[in-house]
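Beneath this line is the structure, given in structure tokens, with notes to follow.
Chain naming here is simple, since letters A, B, ... match the order of the sequence lines and numbering starts at 1 in each. Heavy atoms only: backbone and side chains are in, while hydrogens, waters and symmetry mates are out.
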Amino acid sequence: MGLLSDPNRRRALTNLLTRLNTPICIVCYLAAIIWFMGLAFEPFTLRTYMSENAMGSTMVEERFPSGERALSTAKEFDAHKRKAGGMPVEWLVKTMQARGLEVFTQSFSRTLPFPDENKERYMVRGTNVYGILRAPRAPRTEALVISAPCSPGNVNNQAVGLLLTLAQYFRNQVYWAKDIIFLVNEHDLIGMQAWLEGYHHTNITGMEYSPLQGRAGSIQAALSLELSSDVITSLDLILEGLNGQLPNLDLANLFYAFCQKLGVLCTIQGKLQRNDWDTTEGYTHAAQTMMLMVLKQASGRAWGDHGLFLRYHIEAASIQGINSFRHYKTDVTTIGRLLEGMIRKLNNLLERLHQSYFFYLLPSLSRFVSIGYYMPAFGLLAVILLLRALDLWVHLDTPVLAEVDGVSEAEQSSSPGLLSVLTPVVISHVTGVALYLLPVQLQEMAVEHFPVSETEAVVLTAIAIYTAGLALPHNAQRLLSGEGTEQGWRVLKLTSLLYLAVLLGCTALINFSLGFILAITLVPIAACITPHIPRALSALAVVLLSPGFVILYCVFIYQELIESPVSIREGWMLYLSVISQGILDHFLYGSLVYPLLALFIYPCWLMFWNILFWK
Amino acid sequence: MAARRCVLFLLYSLLFSVAEYRSSCEKSSDNTGEEQSDAIREVKSDISGNNQDERQWLSTGVEMDKSVEAKDSESFRPAPKDQFQEELIIKPLQSGDIYASFQFRTLWDTDDLQEGNKVSHYRLFPKSLGQVLSKFSVRELHISFTQGFWRTMQWGQPFIPSPPGAELWVWFHDTVADVDENWKELTNVLSGIFCASLNFIDTTNTVQPSASFKPLGLGNATDHRFLRYATLPREIVCTENLTPWKKLLPCGSKAGLAVLMKSEKLFHSSFHSQAVHIRPVCQDEQCERPALELRQTLNVVFDLYTSGQGKKEWSLFKMFSRTLTEACPLASSSKVYVDITDNPEGELFELSPATPVLSQAVVLGDRRTYSVYDLTKADTFGQLRSLNLLLRWKGDNGDMLRALLHVERYVAGFGLQTGEIHTLVYNNHPFRAFPVLLLDSVPWYLRLYIHTLKVTSKSRDNKPSYIHYQPSKDRQRPHLLEMLIQLPPHSVTEVTVQFERALLKWTEYPPDPNHGFYVGSSVISALVPSMVAMDTNVTQEHPLFSSFFPVKEESNYFMRVYTEPLLVNLPTPDFSMPYNVICLTCTVVAVGYGSFYNLLTRTFQVDEPSLPLAKRLANLIRRIRGVPMLT
């Protein structure tokens, strides 16, 4: 601080910062990208290890013997599912009761805000069936959940079969210290949401459900099972949950430890681990895995039934069986033993899983990047915004040297006219509110006037409002406050820079991937934009880096990474469905990505757009 | 009605007085009447073998008021100084599980305790307890250790309910000056006697319920200043608690029913509960002198799947890995009861060896029939000199029960700031409303918002007719909430109250703060309309004239139900990172505060450029000369 209290030295510092501002910013940006890409490089990452003592050293033996029975149960379930034309509730209740569980059902119904074309559903009505295995001599205070979705068609029967057989096997054991809830949920995430809301007696999404009759205390951990074939080649672990929340890393470690023990091939993001980190292919592979995780996390979706548990502070993961053409196969008995081992270790927990990391990226199952390693990549990007803001601040009032930056905003903006700065801010945010509210509100009107379905109407309205926003503020600003001054755009830019820095900072703390993706695209715009650069060219660049286009790129990159590249047209259709899914996720499960983009990021971007057309 | 009862009473007395002169084994039977069974009638049937069709009931329809009967039964013969009785009740449950309940009762004819005299002569009554009672002027003491939760929906009602963990409630004599001091010492002493963590009972988990816990013995104490109630929901019960409990028995675990108590089997079960109840009772009919009753109970439920390996076959050997060979020589009565109510024709299960002695009792509002095995008689043990009851199920498992009164409790909401406690009380009676008394004791670190207390049944507001609320004091005492609620017939009554989770001081967290904090069970005490009175169309067993009005003394029975304890997470600091926190704090203080302080207190002034050395020397000389200085 002596540096700042001495006017001479302070002047020297600010001079240095303003003179070298652009080079420093460029260096920071490049460093951020390099740092981020370096995270996938194996020598820079840490090996995963089990932090939780109760799960690490304790010995469990896996003895689950009845894989064959699981398959026959699955066949039986399939037959009853076909007969009932949906979830065979009665059969499930009877079967669970016969296995000595306390069985309860929950019916629910939900009308979607607009039809979901991916899953072809609008008015959803269903029933969840769950059986509780009461642990002997336990007072119903803690529970574990194993769930399997009852999917339409021929999918996931083996998961339900294995679930029921595990229930039967577990019922005969004495070592349980926590109650175990076996849940078969209908309509995947919607059923799970209804069950979780019923269990915790909350209603955050407007679901209608019948109250639960049986409970088992606070749920400590949950595993969701997806299995559609009799034998599998590998098991995939899915961690990304709603709003980019992740379960405790120990859950992933547990899964990995048992896969190693039982010799089951395990993948994350559908990618096997490679041992050749020092080759280009090895590095690319790890980087692809990590990028996939970043993209999935940034989407804020629940990528499996487990994703909804995380809101309730329940550590959960989905385990998906994959059957590819590899000749090395694993049978259901082994999967059952793997689950038995995991559940038994979770049963040994004395505390909630909290020892290991909650914020991490996984370039492979055995390597992780913790928050301390990946946050600098974002920090370097955020520094650019602050540096540019400092630069502007210094230029704004060169005679009066600021003591501490970031204060007395109103006083500064009064000189160029508060109105001329406030107007674009307000107009951008009103556009944002319109983008948030109108698509769903106006769908009926849109369907009346245009030959589109409801879903298309919502998506196209959203895109229309998004595009209209490009024209609106720019025009309105001219109408309202007349000529903009040189000082005016500087103040507006200063405000926008700080606003963006705060927004991205908050986002990155909660969901690093989303914050980072937004930062990497928005920071260049925010840093370079002035009214004096060539307009047409830069306008094109600004539009191409807008949040809407970023989603489009993400769709293509994602498809590329999961090795099913799409054509432009397919990609566009996928893009439309991604937008509709994002809006649905918000209304059905309370995902925050859509409101964040519509209410904050998009208006902020519009403010920069406004600066470009400042007159 | 009254006349009829009078006649029945005489009949009953006659029956017992006759029985008394016949054999010694029957003599003891009349005292068992006061056990959990309300009115036991011994019935002799003169069948031989196990042909159950030939069973004959000598007396039916004899209904006695509990208290009348209890007093009567003691009046017929001069009471011995001390007395010991033991019983084992085996009840096959609908679910295929089996419920075994041991009851041991020691009567101690002493009335000196009340005056605080030192009693030095002990026969059957354990000295360790007797001394404690006299030292701390205890009128009644009830203590239970339970591992597991009683599943009302599967198992029906227990004979003596108890909450998970440890529960202790004590009535002190009203001569006690400092009840809190006595209570504190008593808990510490009991902690030693039972080898349990009762010493963790302090003011923060002790309450004085105003209505829920009335004395069960003699006396008419109503001043709840002399009552203390505490639960430890976290207490784990294991063999180290069982051993001292067994030592209180006159025969220890060497003879009698107690030989069955092998801990490896008792703790290989779904439910385990052991209790000690001490209360004053009458010595004789006139009730001139009180006696102390020590009732030790042990309840176990064996699981069909884990202990029975799924085979529906139970025997004493399979349950306890022992068989019975003799009664405790000190016991005046020693019996095994098997509940065969649902099995009159032997269609549900097969019981061997069969017994000709049957007994009927009204237990928890239901008329039950029991096969009785008297261990004091040699022929009970048969040729092999050992009794190994065998019970083979024939039928299928029943569905879940619809218990008349059933409670459920859970924490609603998510996040670590607030939450809501929901208590659901089910009244499954088709047409009768009845009141229940709800007692809730919540630790202080859940700050109840009592203005959010809501009681609703059938989606309508249900105003409690009595509310006793004692707010908590931080780190001193818990919340106490007692309410009298009327439950409409066939309804669910929901009691909700919101709370805020307090942030504790860092030393107040337990060693495993991320496990969560326990909130003890709430207690629901109720007078429940009995099943007997619920039967409106049973005419075949009763004469028509006896069954028009609901029978008065059986129409209600007292029942206590405990909810499950709650496990609540409080906001917990990350204790694994003190080093980081210290470093960060120190850095912030050093850099941030230091430099800000520097900036705020520094005064800025323009420096005068210092003079060159030559000028300063010149000035020195000029000062001496008194000439104006150079600048």
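Contacts from residues 206-217 of chain A to chain B, taken as heavy-atom pairs separated by less than 4.5 Å, involve A:Leu212, A:Gln213, A:Arg215 in sequence order.
Nearest heavy atoms, B:Phe414 versus A:Arg311: CZ-CD, 3.7 Å. Shortest non-hydrogen contact noted between B:Ala412 and A:His201 is CB-CB, 3.5 Å. A pairwise comparison of heavy atoms in B:Ser269 and A:Pro136 identifies O-CB, 3.4 Å as the closest pair.
More than 12 heavy atoms of other residues, nucleotides or ligands lie within 6.0 Å of NZ in B:Lys458, so this atom counts as buried by the packing criterion. Atom OH of B:Tyr597 is surrounded by 12 or fewer heavy atoms from other residues, nucleotides or ligands within 6.0 Å. For B:Glu264, the CD atom is densely surrounded, since the number of other residues' heavy atoms within 6.0 Å is greater than 12. A 6.0 Å sphere centred on CZ of A:Phe358 holds more than 12 heavy atoms belonging to other residues, nucleotides or ligands.
With a threshold of 4.5 angstrom between heavy atoms, B:Tyr410 approaches chain A through side-chain atoms but not through N, CA, C or O. At a 4.5 Å heavy-atom cutoff, the contact between B:His422 and chain A is made by side-chain atoms alone. If you measure heavy-atom distances from A:His354 to chain B, the contacts under 4.5 Å come from the side chain alone. A:Ile204 touches chain B through its side chain: at least one heavy atom from C-beta onward sits under 4.5 Å away, while N, CA, C and O do not.
Between B:Pro513 and A:Glu351, some side-chain heavy-atom pair lies under the 4.5 Å cut-off. Contact of the A:Thr141 side chain with the B:Glu564 side chain is not registered, since no non-hydrogen atoms from C-beta on lie closer than 4.5 Å. Between A:Glu102 and B:Gln154, some side-chain heavy-atom pair lies under the 4.5 Å cut-off.
Considering CD1 of A:Ile219 and CG of B:Leu567, their distance stands at 12.0 Å, rounded to 0.5 Å. With rounding to the nearest 0.5 angstrom, the OG atom of B:Ser273 is 13.0 Å from the CZ atom of A:Arg137. Atom CD of residue A:Gln220 and atom CG of residue B:Asn569 lie 7.5 Å apart, to the nearest 0.5 angstrom. Here the CG-CG distance, from B:Asp512 to A:Leu349, works out to 12.0 Å after rounding to the nearest 0.5 Å. Atom CG of B:Asn514 sits about 10.0 Å away from atom CG of A:Leu353, to the nearest 0.5 Å.
Each of A:Glu142, A:Arg171, A:His200, A:His313 has some count of heavy-atom pairs under 4.5 Å with chain B, and the biggest count is that of A:Arg171. Ranking B:Arg151, B:Arg409, B:Glu420 against chain A, the residue ahead of the rest is B:Arg151, based on heavy-atom pairs under 4.5 Å. Ranked by heavy-atom pairs under 4.5 Å with chain A, the list B:Tyr518, B:Phe149, B:Tyr426 is led by B:Phe149.
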